[in-house]
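First the structure, in the form of structure tokens, and then the observations on it.
Residue numbers start from 1 in every chain, and the chains themselves are labelled A, B, ... in the order their sequence lines are given, proteins ahead of strands.
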Amino acid sequence: MPELPEVEVTRRRIAPFLVGKRLVELKTTAPSYFFVTPPDELRKRLPGLCFTALERKGKYLLATLSDESHLLLHLGMTGQLFADGASNPRLLRKTGRAALTPGLEVGFRPDAHTHLEFHMDSAPVVFFRDTRKFGKVEWLAPGAVSKRLSKLGPDALEAEPEGVHASFRRRSVAVKTALLDQSVLSGAGNIYADECLFLAGVRPNRSANRLTLQQTRRILAELRRVLERSIETGGSSISDYVAPDGLDGGYQDERRVYARAGEPCLVCGSAIKRVVLGQRSTHYCSVCQK
DNA sequence: AGACTAACCTGAAAGC
DNA sequence: TGCTTTCAGGTTAGTC
């Protein structure tokens, strides 16, 4: 699910349940790959604090707490952040019935993959669930700078073409690979990288350091367009939950190449190709993209 | 510094 | 039916 648009939609939907609310109790699973900060330390430090802000940095969510410490969250591949009572049919079918939140008739029943439960003062419980544990949670002491955040390049929605072009010129990798490198540009993932290259008419395997500034401009403009459009459709999707599976999301119907291998190109009709670049499956039209 | 690989996990779907 | 393989929207540590 989570590339920039999904993280942004998650941020917008979950912020009202956190910001301005006080954390009463935090429940966690046992230590694992998911926890950068050990769960017992989180349980010790966080309760009693209020959330004062929730920002997005590339694909990360950065929450500010009332003591000026921060909580850094990443959804990884399968992370889901949602409030109790969310009308997520998939989650409810699996785990539903009596809500943990007083006053809610139907709610989410935490399972083995529910690594965090934020029990708030007079607000629904907020859950962070992640089956593959590629997601991350890290607590940052007041004034501490996250190494993960400091190596992020400019946000994909704000990046200046000149700067990205300069980064591209230092890379001999495929442009698709360069787009996925979060230190070049943060927020793009496998779907939107493929989509913007299609719209820009650029082959994914073109060497990043041989692109002109003009081509870089075009790629960034198309990337921004698909990201903004996807945020829009995510925001307009049903009720108040974030689909756990991106293909259930609103943008699914607008994909031009991603996961369409063998199907006809919507522009020229030739079959969409699938190759592997930088260990990621990559989709493109060999006629429309040069 | 940059390029490349393997590794971290689980579960759904396809293949036999 | 059941076992095996493949694949997945991400990142990082280690090696050259």
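- Comparing R132(A) and G278(A) by the nucleotide of DNA chain B that holds the closest heavy atom to each, the one mapping nearer the 5' end is G278(A).
- Within a heavy-atom distance below 4.0 Å of DNA chain B, the residues of residues 164-182 of chain A found are R170(A), R171(A), S172(A), V173(A).
- The nearest whole Å value for the distance from the CG atom in D194(A) to the C1' atom in dG10(C) is 15 Å.
- The nearest whole Å value for the distance from the CD1 atom in I191(A) to the C1' atom in dG10(C) is 12 Å.
- Grouping the Ile, Leu, Val, Met, Phe, Trp and Tyr side chains by contacts below 4.5 angstrom, directly or via other members, places V257(A) apart from L180(A).
- With hydrogens and angles ignored, the 3.5 Å screen pairs no side-chain donor or acceptor of N209(A) with any backbone N or O of R170(A).
- dA3(B) atom P lies 16 Å from atom CG of N205(A), rounded to whole Å.
- Comparing dG10(C), dA8(C), dA13(C) by their closest approach to the side chain of Y258(A) singles out dA8(C).
- Regarding Q80(A), its CD atom lies at a distance of 15 Å from the C1' atom of dG10(C), rounded to whole Å.
- Side-chain nitrogen and oxygen atoms of K133(A) include none within less than 4.0 Å of the OP1 or OP2 phosphate oxygen of dC8(B).
- Other cluster members for V276(A): none, since no ILVMFWY side-chain heavy atom sits under 4.5 Å from it.
- Proximity of R274(A) to the phosphate of dA8(C): a side-chain N or O atom is located under 4.0 Å from OP1 or OP2.
- Ion pairing between K57(A) and E55(A) holds under the 4.0 Å rule for side-chain N and carboxylate O.
- Looking only at side-chain heavy atoms (C-beta outward), V173(A) and D181(A) stay at 4.5 Å or farther from each other.
- A side chain to side chain contact (heavy atoms under 4.5 Å, CB included) with F118(A) is found for one member of V24(A), L23(A), I14(A) and no other, namely L23(A).
- For the pair K151(A) and H283(A), both in contact range of DNA chain C, the more 5′-proximal nearest nucleotide belongs to H283(A).
- Ranking dT5(B), dT12(C), dA8(C) by closeness to the Q279(A) side chain, first place goes to dT5(B).
- Atom-to-atom, CE of M77(A) to C1' of dT10(B) comes out at 11 Å; the value is rounded to the nearest Å.
- The side-chain heavy atoms of K27(A) and H119(A), taken from C-beta on, include a pair separated by under 4.5 Å.
- In this structure E254(A) satisfies the salt bridge (charged side-chain N to carboxylate O under 4.0 Å, His left out) test together with R229(A), sequence neighbours excluded.
- Interface residues of residues 29-42 of chain A facing DNA chain B, ordered by number: Y33(A); criterion, heavy-atom separation under 4.0 Å.
- Taking atom NZ of K57(A) as the reference point, atom P of dT11(C) lies 16 Å away to the nearest angstrom.
- Taking a cutoff of 4.0 Å between a charged side-chain nitrogen and a carboxylate oxygen, E263(A) and R256(A) do not qualify as a salt bridge.
- Helical stems of DNA chain B (runs of at least 3 Watson-Crick or G-U pairs, donor-acceptor distances under 3.5 Å) are listed by first residue: B:2-8 with C:10-16, B:10-16 with C:2-8.
- Regarding contacts with the backbone of dG10(C), a side-chain N or O of R280(A) is found under 4.0 angstrom from either OP1 or OP2.
- Between the P atom of dT11(C) and the CZ atom of F134(A) lies a distance of 11 Å, rounded to the nearest Å.
- For the pair L211(A) and I219(A), the minimum side-chain heavy-atom distance is below 4.5 Å.
- Side-chain heavy-atom separations under 4.5 angstrom define the hydrophobic clusters, and the remaining members of the one that includes L62(A) are Y60(A), L72(A), L140(A), L149(A), L152(A).
- Between H113(A) and dG11(B) there is a side-chain N or O to OP1 or OP2 distance below 4.0 Å.
- Minimum interatomic distance between E222(A) and A200(A) (heavy atoms only, all atoms of both residues): CG-N, 3.9 Å.
- Straight-line distance between the P atoms of dG14(C) and dC9(B): roughly 15 Å, to the nearest whole Å.
- Residue K136(A) places none of its side-chain N or O atoms closer than 4.0 Å to OP1 or OP2 of dT11(C).
- Rounded to whole Å, atom P of dC9(B) lies 19 Å from atom CG of L75(A).
- Between L197(A) and T282(A) there is no side-chain heavy-atom pair separated by less than 4.5 Å.
- When the side-chain nitrogen and oxygen atoms of H74(A) are compared with OP1 and OP2 of dT11(C), one or more of them lie within a distance under 4.0 Å.
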